[in-house]
Undergrad: 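There's a structure below that I have some questions on.
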Amino acid sequence: MKVPDNRGYFGKFGGKFVPETLFSCLEQLEATYKKVKKDKKFREELAYYLKEYAGRPTSLYFANNLSKLLGIRVYLKREDLLHTGAHKINNALGQILLAKFMGKKRIIAETGAGQHGVAVATVASLFGCSCDVYMGQEDIRRQRMNVFRMKILGAQVIPVKSGSRTLKDACSEAIRDWVTNVRDTYYLIGSTVGPHPYPLIVRDFQTVIGKEARRQILKKEGKLPDYLVACVGGGSNSLGLFYPFFNDKRVKFIGVEAAGFGLEDFNAASLIKGKIGVLHGAKSYVLQDDFGQIKNAHSVAPGLDYPGVGPEHAFYKSISRAQYVAVKDKASIEGFKLLSEVEGIIPALEASHAIYYLKRLAAKAKGATVLVCLSGRGDKDLEIVQEYINKNKD
């Protein structure tokens with residue numbers, strides 16, 4: 001499947017809705033990306049760093065205990081084993097090499113859970129670039145250790161005090177910075193969101209997940225899985241897994257969004273509760289009120305409390321290629337504890353949403369083979385989980 005089209009649209013989703021100042025920069029980025037992805041030296045350099053620095057390929061682990069408990073065959077794609085602890089390093093390495101090719105030495109980024117920020121700070125340090133990371137003040141509070149990691153790596157963490165003080169507002173501030181400093185600054189976006197060509201670039205750099213997983217599952221099972229399951233915030237780990245299987249129609253895609261804490265309604269889940277709109281430069285499903293104002297999203301997992309979603313996910317929904325479901329905070333904590341206690345693997349809260357959903361899936365798909373993207377490890381979330389458990393002991 002060849003999407004997006006030349007204008008950056010996945011069906012009716014995507015595009016470039018940005019200030020005029022950024023159009024030439026985006027065109028330069030697109031032209032550079034088209035050039036380097038055909039460049040043998042670029043591909044070899046990226047492959048080198050993915051293997052020798054990040055630790056690829058990651059293992060495809062058969063979760064025997066969890067499989068027996070649920071009555072389905074569960075494989076975990078272990079992105080949590082990568083350097084920096086999450087899939088974010090795949091894209092960060094790809095884009096820092098793009099920035100290097102373009103001669104840009106100042107890197108800016110946004111982060112929610114802090115994993116993208118840590119990955120960007122890591123590669124900026126590796127390649128000798130200055131690095132400013134925008135992070136909502138609420139996320140700084142929730143992810144103190146990742147903030148410290150970024151600072152140790154030499155990055156400046158800039159608190160964002162406006163709005164919900166989370167990922168949405170960090171993205172907005174990063175874009176404002178980029179508009180002002182477009183000549184010497186590279187904006188290293190962390191998910192499949194934003195104006196074209198970012199959703200394409202991030203997806204492509206993350207497809208290493210699905211390409212590896214496809215080879216691995218065929219070797220282990222002799223067939224493709226029945227289901228692919230991954231959490232969805234902006235959507236990079238899920239698209240990285242899904243895209244290489246797109247033409248395998250028998251393989252079902254399930255994207256698991258955060259539903260937040262509300263008893264009657266969702267506080268997140270853009271694909272389920274959102275309406276078509278524009279956020280951060282692209283048309284997609286967005287959480288908005290009747291007047292088109294962007295709502296604040298909430299999730300116990302900082303990486304999932306984004307009020308929009310990547311345009312390619314919106315396209316998958318529109319053509320029924322993927323099914324999207326939502327899991328509430330309480331259930332994600334249960335998923336976090338389940339994998340920790342049954343398999344000895346502490347997952348990130350983002351991935352815990354996908355782990356919990358396996359219980360629902362098992363009830364209707366006994367004996368199915370399910371491949372789950374374990375997008376990150378849970379070290380960063382231990383304080384959040386402890387605080388949640390202490391507040392809800394009864």
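Position 1 is the first residue of the sequence, and the numbers go up from there.
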Undergrad: Does Ala63 offer a backbone N or O that forms a donor-acceptor pair with the side chain of Ser67 under 3.5 Å?
TA: yes
Undergrad: If you round to the nearest 0.5 Å, how far is NZ of Lys252 from CD of Gln323?
TA: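 If I round to the nearest 0.5 Å, the distance is 10.0 Å.
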Undergrad: Any luck finding a side-chain donor-acceptor pair between Tyr75 and Glu221 under 3.5 Å?
TA: yes
Undergrad: Indicate yes or no: does Asp226 engage Arg73 in a salt bridge with an N to O separation below 4.0 Å.
TA: no
Undergrad: For the residue pair Tyr227 and Phe253, is the inter-centroid distance of their aromatic rings smaller than 6.0 Å?
TA: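 No, they do not, as the ring centres are separated by 6.0 Å or more.
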Undergrad: Enter the distance from Thr192:OG1 to Leu239:CG here, rounded to the nearest 0.5 Å.
TA: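 Result: 4.5 Å between the selected atoms.
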Undergrad: Hey, quick one: are Leu50 and Leu374 part of the same hydrophobic cluster, counting side-chain heavy atoms closer than 4.5 Å, chains of contacts allowed?
TA: no
Undergrad: Hey, any chance Ile72 and Val342 share a hydrophobic cluster, counting ILVMFWY side chains that come within less than 4.5 Å of each other, even indirectly?
TA: yes
Undergrad: Does this structure show an ion pair linking Glu138 with Arg141, if we count only N-O contacts that are shorter than 4.0 Å?
TA: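 So Glu138 pairs with Arg141 through a salt bridge.
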Undergrad: Have a look at Asp305 and tell me which of Arg165, Lys295, Lys168, Arg142 forms a salt bridge (charged side-chain N to carboxylate O under 4.0 Å, His left out) with it.
TA: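 So the option named by the test is Arg142.
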Undergrad: Please say whether more than 12 non-hydrogen atoms of neighbouring residues, nucleotides or ligands are located less than 6.0 Å from CZ in Arg250.
TA: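 It does: Arg250 CZ has more than 12 such atoms within range.
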Undergrad: Rounded to the nearest 0.5 Å, what's the gap from CG on Leu338 to CG on Leu69? Could you check?
TA: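 Rounded to the nearest 0.5 Å, the CG-CG separation comes out at 6.5 Å.
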Undergrad: Determine whether more than 12 heavy atoms belonging to other residues, nucleotides or ligands lie under 6.0 Å from atom NZ of Lys37.
TA: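 Buried by this count: over 12 neighbours within 6.0 Å.
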Undergrad: Do His280 and Tyr306 have ring centres separated by under 6.0 Å?
TA: yes
Undergrad: So which atom in Thr185 and which in Trp178 form the shortest heavy-atom distance, rounded to 0.1 Å?
TA: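 Closest heavy-atom pair between Thr185 and Trp178: O-NE1, 3.5 Å.
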Undergrad: Do Val120 and His116 make a side-chain contact, defined as non-hydrogen atoms from C-beta onward lying under 4.5 Å apart?
TA: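 Result yes, sub-4.5 Å side-chain heavy-atom pair found.
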Undergrad: So that I can tick it off, tell me whether Lys380 and Glu350 are bridged by a salt bridge, with the cut-off set at under 4.0 angstrom between side-chain N and carboxylate O.
TA: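 Looking at Lys380 together with Glu350, the answer is yes, because their closest N to O distance falls below 4.0 Å.
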Undergrad: Any side-chain heavy atom of Leu358 sitting closer than 4.5 Å to one from Val372?
TA: yes
Undergrad: If you count heavy atoms of other groups shown closer than 6.0 angstrom to NZ of Lys249, is the number above 12?
TA: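 Yes, NZ of Lys249 has more than 12 neighbouring heavy atoms, counting only those of other groups under 6.0 Å.
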Undergrad: Minimum heavy-atom separation for Gln156 and Asp132, please, with both atom names.
TA: OE1-OD1, 3.2 Å
Undergrad: Taking atom types as modelled, find out whether Asn91 and Ser236 have a side-chain donor-acceptor pair closer than 3.5 angstrom.
TA: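 No pair is found: no donor N or O on one side chain lies under 3.5 Å from an acceptor on the other.
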Undergrad: Flag yes if more than 12 heavy atoms outside Asn6 fall under 6.0 Å of its CG atom; otherwise flag no.
TA: no
Undergrad: Please examine the side chains of Pro311 and Phe10, heavy atoms only from C-beta on, and report whether any two atoms are closer than 4.5 Å.
TA: yes
Undergrad: Is the shortest side-chain heavy-atom distance between Tyr388 and Phe261 below 4.5 Å?
TA: no
Undergrad: Give a yes or no on whether a salt bridge exists between Arg78 and Asp80, defined as a side-chain N under 4.0 angstrom from a carboxylate O.
TA: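 Yes, Arg78 and Asp80 are salt-bridged.
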Undergrad: Whether the Tyr243 and Gln206 side chains hold a donor-acceptor pair (N or O, under 3.5 Å, no angle test) is what I'd like checked.
TA: no
Undergrad: Before giving the answer on side-chain contact (heavy atoms from CB on, under 4.5 Å), spell out for Leu60 and Leu371 the whole-Å C-alpha distance, their side-chain angles and the decisive distance to 0.1 Å.
TA: CA-CA 9 Å; Leu60 185 67; Leu371 200 163; 3.9 Å; yes
Undergrad: Between Asp289 and Lys275, is there a salt bridge with N-O shorter than 4.0 Å?
TA: no
Undergrad: For a quick test of reading the model, state the closest non-hydrogen atom pair linking Lys77 to Ile209 and the distance between them.
TA: CE-O, 3.7 Å
Undergrad: Can you tell me if Lys219 has over 12 outside heavy atoms packed within less than 6.0 Å of its NZ?
TA: no
Undergrad: Quick check: does any side chain N or O of Asp329 sit under 3.5 Å from a backbone N or O of Val300, one acting as donor and the other as acceptor?
TA: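 Checked: pair present.
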Undergrad: Do Val251 and Leu76 sit in the same hydrophobic cluster, where Ile, Leu, Val, Met, Phe, Trp and Tyr count as joined when their side-chain heavy atoms come under 4.5 Å apart?
TA: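 Not linked; separate clusters.
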Undergrad: Are Gln95 and Val202 packed together at the side-chain level, in the sense that at least one heavy-atom pair is separated by less than 4.5 angstrom?
TA: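 Of all side-chain heavy-atom pairs linking Val202 with Gln95, at least one is under 4.5 Å.
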Undergrad: Without hydrogens or angle criteria, can the side chains of Glu257 and His353 be said to hold a donor-acceptor pair below 3.5 Å?
TA: no
Undergrad: For Phe62, look at atom CZ and say whether over 12 heavy atoms of other residues, nucleotides or ligands are found less than 6.0 Å away.
TA: yes
Undergrad: Are Val325 and Ile355 connected into the same hydrophobic cluster when the rule is that any two of I, L, V, M, F, W, Y join if their side-chain heavy atoms are below 4.5 Å apart?
TA: yes
Undergrad: Fit a plane to each ring of Tyr316 and Phe246, take the angle between them on a 0 to 90° scale, and name the class: parallel (under 30°), tilted (30 to 60°) or perpendicular (over 60°).
TA: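 Tilted: the ring planes of Tyr316 and Phe246 meet at 30° to 60°.
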Undergrad: In Å and rounded to the nearest 0.5 Å, what is the OH to CG distance from Tyr198 to Leu29?
TA: 5.0 Å
Undergrad: Taking atom CG of Leu22 as the centre, does the number of heavy atoms from other residues, nucleotides or ligands within less than 6.0 Å exceed 12?
TA: yes
Undergrad: Should Glu334 and Lys330 count as an ion pair when the cut-off is N to O under 4.0 Å?
TA: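 Salt bridge flag = no for Lys330 with Glu334.
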Undergrad: Say whether Glu343 and Asn64, considering side chains only, have a donor N or O and an acceptor N or O under 3.5 Å apart.
TA: no
Undergrad: Roughly how far, to the nearest 0.5 Å, is OG1 of Thr32 from NZ of Lys35?
TA: 7.5 Å
Undergrad: Is any NZ, NE, NH1 or NH2 atom of the basic residue among Asp177 and Arg106 found under 4.0 Å from an Asp or Glu carboxylate oxygen of the other?
TA: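 A salt bridge is present here (some side-chain N lies under 4.0 Å from a carboxylate O).
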Undergrad: Do Arg56 and Thr58 have side-chain atoms, one donor and one acceptor, less than 3.5 Å apart?
TA: yes
Undergrad: Quick one: does Asp381's side chain have a donor or acceptor within less than 3.5 Å of a partner on Ile384's backbone?
TA: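 Checking the backbone N and O of Ile384 against the side chain of Asp381, no donor-acceptor pair under 3.5 Å is found.
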Undergrad: What closest approach, in Å, do Ser191 and Lys88 show between heavy atoms, and which atom pair accounts for it?
TA: CB-NZ, 4.3 Å
Undergrad: CZ/Arg321 to OG/Ser318 distance, rounded to the nearest 0.5 angstrom?
TA: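 That separation rounds to 13.0 Å.
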Undergrad: I'd like to know if Lys41 and Glu45 make a salt bridge, using a cut-off of under 4.0 Å between side-chain N and carboxylate O.
TA: no
Undergrad: Would you say Phe23 has more than 12 foreign heavy atoms packed within less than 6.0 Å of its CZ?
TA: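 Yes - once you tally the heavy atoms of other residues, nucleotides and ligands closer than 6.0 Å, there are more than 12.
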Undergrad: Do the non-hydrogen side-chain atoms of Lys100 and Ile96 ever get within less than 4.5 Å of each other?
TA: no
Undergrad: Backbone N or O of Pro225 within a donor-acceptor pair of the Thr369 side chain at under 3.5 Å?
TA: no
Undergrad: Classify the ring geometry of His83 against Tyr53: parallel below 30°, tilted from 30° to 60°, perpendicular beyond 60°.
TA: perpendicular
Undergrad: Consider only side-chain heavy atoms of I, L, V, M, F, W and Y, link residues closer than 4.5 Å, and tell whether Leu26 and Ile201 are in one cluster.
TA: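 Hydrophobic grouping puts Leu26 with Ile201.
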Undergrad: Side chains of Thr111 and Tyr134: does their closest heavy-atom pair fall under 4.5 Å?
TA: no
Undergrad: Decide if the gap between the ring center of His313 and the ring center of Tyr324 is smaller than 6.0 angstrom.
TA: yes
Undergrad: Under 3.5 Å, is there a donor-acceptor pair between the side chain of Ser284 and the main chain of Val309?
TA: yes
Undergrad: Indicate yes or no for a side-chain donor-acceptor contact from Asn392 to the backbone of Ile389 under 3.5 Å, with no hydrogens or angles considered.
TA: no
Undergrad: Under a 4.5 Å cut-off applied to non-hydrogen side-chain atoms, are Leu361 and Val370 in contact?
TA: yes
Undergrad: For the rings on Tyr285 and Phe13, is their centre-to-centre separation under 6.0 Å?
TA: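 Yes - the distance between ring centres of Tyr285 and Phe13 falls below the 6.0 Å cut-off.
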